[in-house]
There are 2 protein chains.
Amino acid sequence: MGRPSVKAQRSSEILDAFETCVARYGVEGATLERIAAEAGLARALIRHHVGNRDDLLKALTRRFLAQSERHQQDLLDYLPEGDRVLSLIDLLFDHSQSDQNFVLVAEALIAAAGERPELAAQLADWVHSFIALIAAELRREYDAAAADAIDAVAAGIAGIYFNVDSLTTLGDMGGLRQASKQAALRLVRSIELDHESR
Amino acid sequence: MGRPSVKAQRSSEILDAFETCVARYGVEGATLERIAAEAGLARALIRHHVGNRDDLLKALTRRFLAQSERHQQDLLDYLPEGDRVLSLIDLLFDHSQSDQNFVLVAEALIAAAGERPELAAQLADWVHSFIALIAAELRREYDAAAADAIDAVAAGIAGIYFNVDSLTTLGDMGGLRQASKQAALRLVRSIELDHESR
DNA sequence: AAGTTAATTGTCAAGTATGATAATTTATAG
DNA sequence: CTATAAATTATCATACTTGACAATTAACTT
């Protein structure tokens, strides 16, 4: 009965466009006009399907966190039995352009969180969970390692990963991505060496 | 002859306010209205003393790069004779809140560089020079180390440093800062260990 | 074909942002 | 005190952004 709803489809398209704009212009720069242009729809439809600016940001945050959770699960499922940590680092540092927006959106949200306490809390949890994922894999492989060492190395790998992706806006940065990956691998090796020199 | 000019003083105040707004709202969110309110002057004075939006951003970028250069020089002058690398890491990771805006502004500029090729080029140079500074200290202390190792560790330390400061907008992140510092120290140690296991 | 539901389009009003220019005030020199 | 140069204030025009609502069109059911 009645015209079939495309709300789910449209909402998804709108959030795609919003995501693109956030990655490109930041949260403050992602105006409804730009989003509408990017999505190829009238601005009024954004309001109709998703709501006002605040609703948009909440919806994007929700989707971002949900996608991230799924993404993390996929990541874990994809890791082989052996050398899981090395595989993880390969995935983090050799990923394709398609996921590039992911970190850019994350950085934009983090920057915008300064004025939005609720968002800040959600993202703080998110960062912690990402670091925890890395830490869990490290623990699994180096179960005799000290907790401090695991925490430091996990934080370091996560930091290097976020940083190198956020610098993609600057264009080609020479061998920075490779150097960053090598740094991450060195952190991993530092755990092995802890182990030996005991 | 005539009223004494306060242009230099006002320009500096205006750029201070702009910097604060950029750190808080991002480049796109730092409107002339907000800057004027932050600086406590009429919006027209911004135009009078510095110019339009574009002039503002160029001026801020110029000042940022100049300050950064001085800051780096001060840093080097401050480092002691021995244990320079450890001192450097102390300075990077234990710095006071006063410099906090520094990295936030840098992150905001980097995010905005996606749409501004000229800015991107300047910041790419800036990042490289920062990494080069770390690399130079590493080389000075570990002159027998492989170039690859130096590059990787320098990139890693820089990445970890940028990342942890950009996360300050999320509030207290537990022991993340300490863990990050430990990760940086581990990277340094990894060079020493390379050396031994040769 | 009529009814119904939702998408889509059109339009309006209020608020904000920017750029430009004219008028005014203020601080100094002579 | 007067001339002068610069800061400051006032005002205007234009464009952008957002939110809200009415009108229309499209797709489906019975």
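The figures that follow rest on heavy atoms only: side chains count, while hydrogens, waters and symmetry mates do not. Reminder, nothing fancy here: chain letters follow the sequence lines and each chain counts from 1.
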Whether the side chain of B:Arg3 and the base of D:dT4 hold a donor-acceptor pair under 3.5 Å is what I'd like checked.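 No.
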Handout entry: Interatomic spacing from CD in B:Glu19 to CZ in B:Arg63 - rounded to 0.5 Å
Key =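 Reported value, rounded in 0.5 Å steps: 5.0 Å.
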Q: Enter the distance from A:Leu193:CG to A:Arg186:CZ here, rounded to the nearest 0.5 Å.
A: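 Those atoms lie 10.0 Å apart.
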Main chain of B:Phe162, side chain of B:Asp165: is a donor-acceptor contact present, judged purely on distance under 3.5 Å?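 Side chain of B:Asp165 to backbone of B:Phe162, a donor-acceptor pair under 3.5 Å: no, none is there.
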Check: So, does B:Arg177 use its side chain to make a donor-acceptor pair with the main chain of B:Phe93 at under 3.5 Å?
Finding: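 Yes: the side chain of B:Arg177 pairs with the backbone of B:Phe93.
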When the distance from [atom1] of [X] to [atom2] of [N] is rounded to whole Å, what number comes out?
| X | N | atom1 | atom2 | result |
| --- | --- | --- | --- | --- |
| B:Lys7 | D:dA6 | NZ | P | 9 Å |
| A:Ile46 | C:dT9 | CD1 | C1' | 14 Å |
| A:Tyr25 | D:dT17 | OH | C1' | 15 Å |
| B:Asn52 | D:dA15 | CG | P | 17 Å |
| A:Glu28 | C:dA17 | CD | C1' | 14 Å |
| B:Asp55 | C:dG19 | CG | C1' | 12 Å |
| B:Arg10 | D:dA6 | CZ | P | 15 Å |
| A:Phe18 | D:dT18 | CZ | C1' | 14 Å |

**Asked** Does A:Arg47 have a side-chain nitrogen or oxygen under 4.0 Å from the phosphate oxygens OP1 or OP2 of D:dT18?
**Response**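 Answer is no, no contact under 4.0 Å.
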Q) Would you say a side-chain N or O of B:Ser5 is under 4.0 Å from OP1 or OP2 of D:dA7? A)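 For D:dA7, OP1/OP2 do have a side-chain N/O of B:Ser5 under 4.0 Å.
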Which listed nucleotide ([options]) is nearest to the side chain of [X]?
| X | options | value |
| --- | --- | --- |
| B:His48 | D:dT8, C:dT9, C:dT8 | D:dT8 |
| A:Glu33 | D:dT9, C:dA20, D:dT18 | D:dT18 |
| B:Arg53 | D:dT8, D:dG19, C:dG19 | C:dG19 |
| A:Thr31 | D:dT17, C:dT9, D:dA7 | D:dT17 |

| query | Does B:His71 have its ring centroid less than 6.0 Å away from the ring centroid of B:Phe102? | reply |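 B:His71 vs B:Phe102: aromatic centres under 6.0 Å.
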Does A:Leu32 reach a base, just sugar-phosphate, or nothing at all? Heavy atoms under 4.0 Å.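 The residue A:Leu32 makes sugar-phosphate contact but no base contact.
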* **Given DNA chain D, 5'-ward residue of the pair B:His49 and A:Arg43, judged by closest heavy atom** =>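 Its nucleotide being nearer the 5' end, the pick is B:His49.
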* Asked: Starting at the 5' end of DNA chain C, which residue's closest nucleotide do you reach first, B:Gly51 or B:Pro4?
  ->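 Comparing both residues, the 5'-ward one is B:Gly51.
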